[in-house]
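One-based numbering, in listed order, for ligands and for the atoms of each. Residue numbers count from 1 along this sequence.
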Amino acid sequence: KTGFLARKIHADMDGKKTPWGKRGWKTFYAVLKGTVLYLQKDEYKPEKALSEEDLKNAVSVHHALASKATDYEKKPNVLKLKTADWRVLLFQAQSQEEMQTWINKINCV
Ligand code: I3P
């Protein structure tokens, strides 16, 4: 599964609220491959290796839980991802259908 997702980091690895200045929305080209959600700056090009930044942004979705972010009302089509290491990430998909597909795919990993 691939597609554009806007990400907001809500909580860091210790489960604590991400500090001001690091809570903004940023759009990535997301690629779910195996148990890893790669968040790339640009659209995937098979011939191009992942940059260091792309690797830093990658999220393990192994034992993670995705659900509709029902408590987040500022934007539509937002899903919440709770990772096994207690991070909380919000992702805005481009449509309701896309959001549901991402949730299903992530939870099936
Ligand atoms: C954040 C940015 C986010 C905003 C967040 C701000 O500032 O403006 O868009 O979230 O509010 O802290 P920064 O880029 O300096 O981290 P929303 O879009 O959800 O309002 P928050 O701290 O209330 O989450």
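- Nearest protein heavy-atom neighbour of atom 6 (C) of ligand 1: Arg23 CB, 4.1 Å.
- For the pair Gln92 (side chain) and Pro76 (backbone), a donor-acceptor distance under 3.5 Å is present.
- Nearest heavy-atom pair across Asp54 and Lys41 is OD1-N, 3.3 Å.
- At a 3.5 angstrom cut-off on N or O pairs, Gly21 counts as close to ligand 1.
- The contact set between ligand 1 and Lys22, taken as ligand atoms under 4.0 Å from a residue heavy atom, comprises 16 (O).
- A cation-pi contact, defined as under 6.0 Å to the ring centre and within 45° of the axis, links Lys33 to Tyr38.
- Of the polar atoms of Lys17, none of the N or O atoms is found under 3.5 Å from an N or O of ligand 1, judged by distance alone.
- Listed by number with element, the atoms of ligand 1 under 4.0 Å from a non-hydrogen atom of Trp20 are 12 (O), 16 (O), 22 (O).
- Between the side chain of Arg23 and the backbone N or O of His10 there is at least one donor-acceptor pair closer than 3.5 Å.
- Residue Trp25 has at least one heavy-atom neighbour below 4.0 Å for each of these atoms of ligand 1: 9 (O), 17 (P), 18 (O), 19 (O).
- For the side chain to side chain contact (heavy atoms under 4.5 Å, CB included) criterion with Val59, the lone passing option out of Thr35, Leu81, Ile106, Val36 is Leu81.
- In terms of N/O distances under 3.5 Å, ligand 1 is approached by Lys74.
- Given atom 2 (C) of ligand 1, the protein heavy atom at minimum distance is Gly24 CA, 3.8 Å.
- Residue contacts with ligand 1 include Lys8, since one of its heavy atoms falls under 4.0 Å from the ligand.
- With salt bridges taken as basic N to acidic carboxylate O contacts below 4.0 Å, none links Asp12 and Lys22.
- Inside a 4.0 Å radius of atom 8 (O) of ligand 1 there is not any protein heavy atom.
- For ligand 1 and Tyr72, the ligand atoms under 4.0 Å from any heavy atom of the residue are 17 (P), 18 (O), 19 (O).
- With a 6.0 Å cutoff to the six-membered ring centre and a 45° limit on the axis angle, Lys16 does not count as a cation-pi contact of Trp86.
- Residues Asn57 and Arg7 share a closest heavy-atom pair of OD1-NH1, 3.4 Å.
- Protein non-hydrogen atoms do reach within 4.0 Å of atom 19 (O) of ligand 1.
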